[in-house]
Peer 1: 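This is the structure I have questions about; it appears just below.
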Amino acid sequence: MQKYTGKLAVLYQGQGDSLPFQELAQRLGVPLYQSINNDSPESFFLTWRDGCLKLLDKELLKKGGLVVDIEPRNGEQRSWPAPKDGALAHALGRKTRTVVDATTGWGQDSLHIFRMGYEVLCMERSPVMVELLLDGFKRLADLEWMQSLNLQSPRLLIGNAIDLLATLESQPDCIYLDPMFPPKRKKSALPKKAMMVLRDLLGDDQDKEQLFASALMAAGKRVVVKSPDYAEPLGGKPNESFHGKLLRYDVYFKS
């Protein structure tokens, strides 16, 4: 946890039992604060608010914070399973049943894939994101429609996906990758706050090429790579590409 030294702390502001906050700080190896000010050296803070574990920077301290959002995004169907349409569904493939998201991050793509009815296994190596994802998946499992349909939240494997992919007992139909690419240096294309915070806290993915090679070896049928539209294809020329707004999904078939 050394990489979080000076960057992250847990914030407990006197609401509710302090024990979960203490245990969280201990798991991550970071300080526990009861209050902060502009002199606090850390830039990021984890705390429970409104029944959710949230990640904040100093700009977000009074605005609610960032959370794993378990609700469908704008334009997504609220039914389950949602229709398999759009660029992502086309990239995943109609015959695909099992999907491994090897770069889960905030979990928005994983949850969208899950809501379309695929069997989803998530992987995440950042201890901070693991805590946020576990909190989100627990809240998802508690939803009435999940319980009435007897559904379980996606499973989460913790660790480096390059290592985890090599240990899978069976080959998933599809492995999905959404690595962090360096941002385009253009003022008109600023990333969303969630991605800015994640990039500032964790940095860019420096092992994208190795991850792609591991995914291609572990996949049963295909690897799908989500990329910004300006980025070069991660695995060379793809077999297919499906375009969304400002991004594309490159598809590599398993030979």
Side-chain angles (χ1 to χ4, degrees), residues 68-70 72-73 76 81-126 129-130 133 136-137 140 153-181 194-195 198 202 204-205 207-229 231-236 238-255:
V68 171
D69 190 355
I70 60 175
R73 294 174 289 195
E76 292 180 7
K84 293 182 174 68
D85 55 20
L88 175 55
H90 289 139
L92 295 176
R94 291 198 174 277
K95 294 184 179 180
T96 292
R97 298 183 61 188
T98 55
V99 179
V100 169
D101 185 346
T103 52
T104 302
W106 287 101
Q108 295 307 288
D109 288 341
S110 291
L111 291 169
H112 181 34
I113 294 168
F114 171 75
R115 283 191 290 264
M116 286 191 288
Y118 296 96
E119 180 183 331
V120 182
L121 173 64
C122 297
M123 297 178 176
E124 179 55 48
R125 63 181 173 183
S126 161
M129 293 313 305
V130 165
L133 286 165
F137 289 173
L140 177 66
S153 297
R155 284 199 303 135
L156 177 63
L157 296 184
I158 301 168
N160 190 322
I162 293 172
D163 300 323
L164 294 174
L165 288 170
T167 66
L168 293 176
E169 295 181 357
S170 59
Q171 288 186 317
D173 294 329
C174 174
I175 296 177
Y176 179 77
L177 305 178
D178 180 15
M180 283 194 286
F181 288 83
M195 292 309 299
L198 195 60
L202 305 178
D204 290 319
D205 289 326
D207 52 1
K208 294 188 289 288
E209 291 80 9
Q210 187 179 355
L211 175 59
F212 175 80
S214 298
L216 196 60
M217 185 174 298
K221 296 179 180 179
R222 64 178 63 198
V223 174
V224 175
V225 183
K226 180 181 177 181
S227 303
D229 56 4
E232 290 294 322
L234 181 59
N239 296 104
E240 295 179 339
S241 286
F242 298 90
H243 293 261
K245 186 177 181 181
L246 301 179
L247 57 84
R248 70 176 189 274
Y249 300 97
D250 293 330
V251 183
Y252 297 87
F253 296 140
K254 187 72 174 283
S255 56

Peer 1: Phe114 vs Val99, test: side-chain contact (heavy atoms from CB on, under 4.5 Å). Steps then yes/no.
Peer 2: CA-CA 9 Å; Phe114 171 75; Val99 179; over 6 Å; no
Peer 1: Rounded to the nearest 0.5 Å, what separation is found between the CD1 atom of Ile158 and the CZ atom of Arg125?
Peer 2: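 Output value for this atom pair is 14.5 Å.
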Peer 1: Work out which heavy atom in Ala89 is nearest to a heavy atom in Lys84; give both atom names and the distance.
Peer 2: CB-C, 3.5 Å
Peer 1: What distance separates Ile113 CD1 from Leu92 CG, expressed to the nearest 0.5 Å?
Peer 2: 5.0 Å
Peer 1: Kindly give the heavy-atom pair with the smallest separation between Phe137 and Pro154, and that separation in Å.
Peer 2: CD1-O, 3.5 Å
Peer 1: Pair Cys174, Tyr118 - check side-chain contact (heavy atoms from CB on, under 4.5 Å), show working.
Peer 2: CA-CA 10 Å; Cys174 174; Tyr118 296 96; over 6 Å; no
Peer 1: For Gln171, does the CD atom have more than 12 heavy-atom neighbours from other residues, nucleotides or ligands under 6.0 Å away?
Peer 2: yes
Peer 1: Quick check: closest heavy atoms across Gly136 and Ile70, and the distance to 0.1 Å?
Peer 2: O-CG2, 3.3 Å
Peer 1: Please check if the side chain of Tyr252 supplies one atom and the backbone of Leu216 the other of a donor-acceptor pair under 3.5 Å.
Peer 2: no
Peer 1: Sort out for me which residue in Thr104, Leu157, Leu156 forms a side chain to side chain contact (heavy atoms under 4.5 Å, CB included) with Leu121.
Peer 2: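 It is Leu157; the other options fail the test.
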Peer 1: With rounding to the nearest 0.5 Å, note down the distance linking CG in Leu165 to CG in Leu211.
Peer 2: 6.5 Å
Peer 1: What distance do Asp101 atom CG and Gln108 atom CD have between them, rounded to the nearest 0.5 Å?
Peer 2: 11.0 Å
Peer 1: Taking Arg97's backbone N and O only, do any of them form a donor-acceptor pair with Asp173's side chain (distance below 3.5 Å, no angle check)?
Peer 2: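 It does hold such a pair.
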Peer 1: Side chains of residues 217-228: which donor-acceptor partners sit under 3.5 Å, not counting sequence neighbours?
Peer 2:
unit_1 : atom_1 : unit_2 : atom_2 : d
Arg222 : NH1    : Ala91  : O      : 2.7
Lys226 : NZ     : Asp109 : OD2    : 3.0

Peer 1: With sequence neighbours excluded, tell me which residues meet side-chain contact (heavy atoms from CB on, under 4.5 Å) with Ala87.
Peer 2: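 Result, side-chain contact (heavy atoms from CB on, under 4.5 Å) vs Ala87: Phe242, Tyr249.
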Peer 1: For Asp178, is there any backbone N or O sitting under 3.5 Å from a side-chain donor or acceptor partner on Thr103?
Peer 2: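 Indeed, once roles are kept as given, a pair shorter than 3.5 Å links the two residues.
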Peer 1: Please find the pair of heavy atoms, one from Leu234 and one from Pro179, that lie closest to each other, and give the distance.
Peer 2: CD2-CG, 4.2 Å
Peer 1: In Å and rounded to the nearest 0.5 Å, what is the CD1 to CE distance from Ile175 to Met123?
Peer 2: 7.0 Å
Peer 1: How close do Leu177 and Ala102 get, counting heavy atoms only, and between which atoms?
Peer 2: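 Heavy atoms of Leu177 and Ala102 come nearest at CD2-CB, 3.6 Å.
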Peer 1: Might you point out which heavy atoms bring Ile162 and Ser214 nearest each other, and give the distance in Å?
Peer 2: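 In this case the closest contact between Ile162 and Ser214 is CG2-OG, 3.5 Å.
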Peer 1: Test side-chain contact (heavy atoms from CB on, under 4.5 Å) on His243 and Asp229; report intermediate values, then the result.
Peer 2: CA-CA 8 Å; His243 293 261; Asp229 56 4; 5.7 Å; no
Peer 1: Return yes if some donor-acceptor pair links the side-chain N/O of Asn239 with the main-chain N/O of Phe253 below 3.5 Å, else return no.
Peer 2: yes
Peer 1: Taking the side chain as every heavy atom from C-beta outward, state whether Val251 and Pro238 have any pair of such atoms under 4.5 Å apart.
Peer 2: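 SC-SC contact between Val251 and Pro238 ruled out.
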